[in-house]
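Beneath this line is the structure, given in structure tokens, with notes to follow.
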Amino acid sequence: MSYDFKSIEKKWQKYWEDNKLFKSTEISDKKKFYLLEMFPYPSGKLHMGHARNYVIGDTFARFLRMNGRNLLYPMGYDAFGLPAENAAIKNKIHPDKWTDECIKTMTEQQKKLGLSYDWDRLVITSKPEYYKWNQWVFTKFYEKGLAYKKLAPTNFCPKCETVLANEQVIDGKCWRCESEVEVKNLEQWFYKITDYAEELLADLNKLTGWPERVRIMQKNWIGKSEGLSVIFPVKNSAQKIEIFTTRPDTLFGVTFMAFAAEHPLVIELIKGTEKEAEIKKFINKIVVQKRITRLEDKEKEGIFLGKYAINPLTDEEIPIYVSNFVLMEYGTGAIMCVPAHDQRDFEFAKKYNIPIKEVIQSREQRTESRELKQAFVDEGIMVNSQQFNGLDSKDAISKISDYVEEKKLGKRVVHYKLRDWLISRQRYWGTPIPIIYCKKCGTVPVPENDSPVVLPTDVQFTGEGNPLAKSESFVNCKCPKCGGDARRETDTMDTFVDSSWYFERYCDPKQNKLPFDKKNISYWMPVDQYIGGIEHAVLHLLYSRFYTKALRDMGLLDCGEPFKNLLCQGMVIKDGFKMSKSKGNVVSVDDMVGKYGADTARLFVLFASPPERDLDWSDEGVRGSFRFLNKVWNLIVRGPKSEVRSHTIDENLERIKHLTIKKVTEDIKEFHFNTAIAAIMEFYNEINAHHLTPSQQLKNSIKTLVILLSPFAPHISEEMWRILGNSESILKEKWPVWDEKKLVQEKIIIAVQINGKLRGQIEIKTDAAEIEILEIAKSDDKIKKYLENKKIIKTIFVPKKLLNIVVGG
RNA sequence: GCCGGGAUGGCGGAAUUGGUAGACGCAAGGGACUUAAAAUCCCUCGAACUCUAUGGUUCAUGCCGGUUCAAGUCCGGCUCCCGGCACCA
């Protein structure tokens with residue numbers, strides 16, 4: 001017979017809710033703690049992959065409350081997005097209704113798991129009360145020049161029929177539907193995240209509570225490189241070519257230049273020349289090719305323009321090419337090429353018989369002339385570089401940069417890989433961009449008293465094009481400035497705008513004068529612990545950092561970094577794949593809770609693996625957790641068993657109790673839930689082996705066991721707590737503290753090694769001196785035989801651990 | 001290619017600043033209870049050898065080498081797996 005988890009869980013969930021035990025307020029004399037899990041997209045049913053995220057958080061939340069922290073632990077839904085719109089097309093149901101239904105079932109499941117959110121702070125991003133503030137911030141950004149519209153090459157997903165931000169293109173595919181992304185030139189809205197590139201990069205150093213790999217991923221994504229911009233004049237022309245290089249030390253080795261195919265100067269340079277038609281054909285070929293083979297390792301190709309540039313340092317004439325290996329979107333779209341010291345330039349030069357001029361030679365082997373087999377990219381000694389010859393190339397970088405700046409041939413510059421954030425989406429289910437286009441007045445932001453711009457309901461979801469653009473009532477409007485006929489922007493915002501500040505809204509979720517009140521936000525922010533998946537390392541986590549900094553500069557809040565500590569939990573794997581609806585390998589929360597109860601489900605996901613690692617789902621493992629809870633239940637109801645061999649005595653039990661408190665407390669703080677649970681299991685085993693005479697120690701240990709278990713398995717713990725005779729909720733109980741003095745034993749067992757090999761174990765008094773211990777070891781039967789006819793050279797004693805006797809002869 | 005992370009029994013995973021490798025659990029095998037099954041409980045459980053005195057010896061933390069009284073842990077050199085970026089000048 002197993003315990004009746006069904007009625008127990010239902011009973012206490014109701015009790016906790018009725019008594020508002022999870023409500024958080026700003027008024028408290030306790031220290032605040034803001035704990036947050038990444039909010040979900042309301043797609044319907046929860047599986048154990050989702051649940052893992054919340055269970056990690058909830059266990060920590062319950063631990064923090066018992067440790068006297070004033071906790072903010074909210075939940076919400078990232079409710080805008082394509083699936084709702086697709087559901088609308090497929091099932092003829094309005095996205096708003098579909099979303100609400102999904103939220104309802106998800107909330108139910110979250111409650112069934114016993115998650116202790118303050119539901120009064122619920123935030124749903126698809127509601128006008130929320131997205132109104134997306135529009136409000138947009139308008140402020142627009143006024144400050146942080147939001148702007150431009151014609152640019154964009155990533156277009158043909159299946160989702162919308163453009164995507166750079167961060168949302170994974171391996172050339174759409175992050176959501178995995179369709180191949182196309183390049184389209186479109187006029188789109190951007191947020192100027194590049195204004196914050198330097199700060200976003202610099203502040204990564206402050207985020208010591210983040211996993212190193214996330215910081216590195218963001219650093220690489222921002223991609224700062226410092227170098228030199230140099231102007232190369234074109235021979236017999238007024239034109240100048242600006243290039244960017246991080247290797248000024250190779251400036252004397254330039255033997256050709258290369259343009260990206262899209263570079264506007266190319267067309268101008270070849271205008272009217274005999275090669276014009278041929279080159280244009282080549283350029284078109286490359287541009288088309290680029291779209292098709294994004295990922296493949298492409299053969300380098302190029303064509304000589306028939307023009308020469310002048311190296312401003314040497315006055316050498318260098319041929320100009322256009323090539324497929326130069327990127328328009330990075331640097332200036334034109335590069336200087338040094339085949340001797342850059343592998344790509346080298347390959348190109350070999351193919352087109354361009355001279356290779358060495359300007360750096362290895363410090364070890366310096367040769368007069370030789371045929372290079374590949375580019376020499378290391379540091380070395382400068383040669384063929386006029387007054388810089390003989391310098392170390394490392395020093396030459398700054399020396400040549402100084403020289404170039406002095407002679408006004410160029411200047412030091414910084415480039416980033418980070419691009420501005422494209423926020424326009426050609427979809428219905430998102431925040432309308434609050435802009436009106438008037439023939440007379442141009443682009444006009446919607447004034448605050450006309451806001452929010454609400455999504456129209458008279459729309460048809462046909463699956464073709466943006467439904468918003470077809471809504472007459474929405475599109476046609478009056479210009480706020482001149483009152484004449486005007487037209488609304490029909491793009492909506494990227495859903496990542498919604499998730500860039502939801503955690504700030506939780507601090508003041510009902511506020512209707514501003515996104516949030518400064519007093520409340522100052523109290524709660526930053527988020528002390530954020531928990532979520534690694535997949536957002538450069539998406540949500542980067543956008544949120546930008547948004548928070550931008551809001552700070554608007555005076556809305558004081559903190560520049562939203563998330564102090566970050567935990568990235570691993571995936572839940574079943575049958576070799578990530579648990580997901582599309583793979584068909586999900587274990588639903590409903591099934592788990594129905595079969596074993598929430599406490600078992602919670603205990604299993606925490607015990608099976610450390611949070612940051614992937615977790616292999618195991619049905620047997622779940623049964624093991626269930627078995628353990630039943631055993632604890634039986635202990636509380638019936639007391640320890642009688643048939644064990646060696647009984648635990650009171651003194652030992654008392655010591656183990658303190659040890660366990662220490663271990664569990666320290667482990668939870670470090671998110672080592674698996675070892676914390678193991679310690680609780682060991683503690684249970686000791687209690688269960690207690691000799692049958694009831695004692696105060698036994699009673700205290702059982703009480704402690706239940707408290708320690710309660711953050712992990714809250715329902716059964718609450719029930720057992722009441723069975724033990726307590727009338728207050730276990731949630732109000734203080735977390736136990738351990739006494740270091742109680743951990744000390746009178747006698748301990750230490751290892752004895754001979755020449756580093758374990759040869760025996762002896763029992764000693766804890767505070768025994770080394771000489772004493774050596775004597776005990778010498779008289780030990782097992783040790784004795786290893787010491788016969790041997791000379792003791794030295795002994796190494798590690799207190800409370802081991803004695804190593806080094807012998808010779 | 002570059003940058004991260006990882007590799008420990010049949011499995012998930014433990015092992016403070018280097019200090020008794022394999023905690024805890026799962027699976028497996030044996031036994032008790034039962035008409036039987038489930039549930040529960042007890043015992044065994046890295047490998048090989050040895051001894052039947054159930055104790056001992058040797059080998060074992062991806063591979064090769066080193067430092068050390070002592071290495072899963074530190075150093076040097078590899079192999080494989082996972083993740084990120086990818087012609088970034």
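Below, chains carry the letters A, B, ... as their sequence lines are ordered, and counting in each starts from 1.
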Quiz item: Counting heavy atoms not belonging to A:Lys224, are there more than 12 under 6.0 Å from its NZ?
Solution: yes
Quiz item: Got more than 12 heavy atoms from elsewhere within 6.0 Å of CD, A:Glu178?
Solution: no
How far does the [atom1] atom of [N] sit from the matching atom of [M], given to the nearest Å?
N	M	atom1	result
B:rG66	B:rC2	P	28 Å
B:rU17	B:rU73	P	14 Å
B:rA38	B:rU34	P	15 Å
B:rC78	B:rG25	C1'	35 Å
B:rU20	B:rA39	C1'	38 Å
B:rG22	B:rC59	C1'	15 Å
B:rG72	B:rC63	C1'	15 Å
B:rA47	B:rU61	P	15 Å

Whole-Å gap separating [atom2] ([N]) and [atom1] ([X]):
X	N	atom1	atom2	value
A:Asn630	B:rG25	CG	C1'	16 Å
A:Gln374	B:rC87	CD	P	20 Å
A:Arg638	B:rU40	CZ	P	11 Å
A:Leu758	B:rU58	CG	C1'	14 Å
A:Ile335	B:rA89	CD1	C1'	5 Å
A:Phe683	B:rC24	CZ	C1'	16 Å
A:Leu635	B:rU40	CG	P	16 Å
A:Lys631	B:rC24	NZ	P	11 Å

Have a look at [X] and say if it touches a base, only the backbone sugar-phosphate, or nothing, with a 4.0 Å heavy-atom cut-off.
X	answer
A:Gln753	base
A:Arg419	nothing
A:Gly223	nothing
A:Ile749	base
A:Asp345	nothing

Shortest side-chain distance from [X], nucleotide among [options]:
X	options	value
A:Leu802	B:rG19, B:rA89, B:rC24	B:rG19
A:Met217	B:rA89, B:rC87, B:rG84	B:rG84
A:Lys794	B:rC24, B:rA89, B:rC69	B:rC69
A:Glu620	B:rC24, B:rA27, B:rU20	B:rA27
A:Asn804	B:rC69, B:rU57, B:rA89	B:rC69
A:Arg627	B:rU40, B:rG19, B:rA89	B:rU40
A:Lys300	B:rC87, B:rA89, B:rC85	B:rC87

Exercise. Produce a footprint string for nucleotides 1-17 of chain B: one letter per nucleotide, 5' end first; B if the base is under 4.0 Å from any protein heavy atom, S if only the sugar-phosphate is, - if neither.
Key: --SS-------BSS-B-
Between [Y] and [X], is there a salt bridge with N-O shorter than 4.0 Å?
X	Y	answer
A:Glu301	A:Lys351	no
A:Arg247	A:Asp249	yes
A:Glu686	A:Lys657	no
A:Lys350	A:Glu347	no

Quiz item: Centres of the A:Phe256 and A:Phe348 rings: under 6.0 Å?
Solution: yes
Quick one: does [X]'s side chain get under 4.5 Å of [Y]'s, heavy atoms only?
X	Y	answer
A:Leu204	A:Arg545	yes
A:Tyr3	A:Ile636	no
A:Tyr330	A:Ile335	no

Self-check item: Strand RNA chain B in bracket notation, Watson-Crick/G-U under 3.5 Å with | for pairs to another chain
Solution: (((((((..(((......[....))).(((((.......))))).(((((....)))))..(((((..]....))))))))))))....
Quiz item: Going by a 90° cut-off around 0, is B:rG5 syn or anti?
Solution: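 Glycosidic conformation of B:rG5: anti.
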Exercise. For A:Tyr352 and A:Ser323, test the side chains for any donor-to-acceptor distance below 3.5 angstrom and give the result as yes or no.
Key: no
Quiz item: With a 3.5 Å cut-off and no angle check, do the side chains of A:Glu535 and A:Trp175 form a donor-acceptor pair?
Solution: no
Self-check item: First of A:Lys417 and A:Gln761 reached from the 5' end of RNA chain B, by closest nucleotide
Solution: A:Gln761
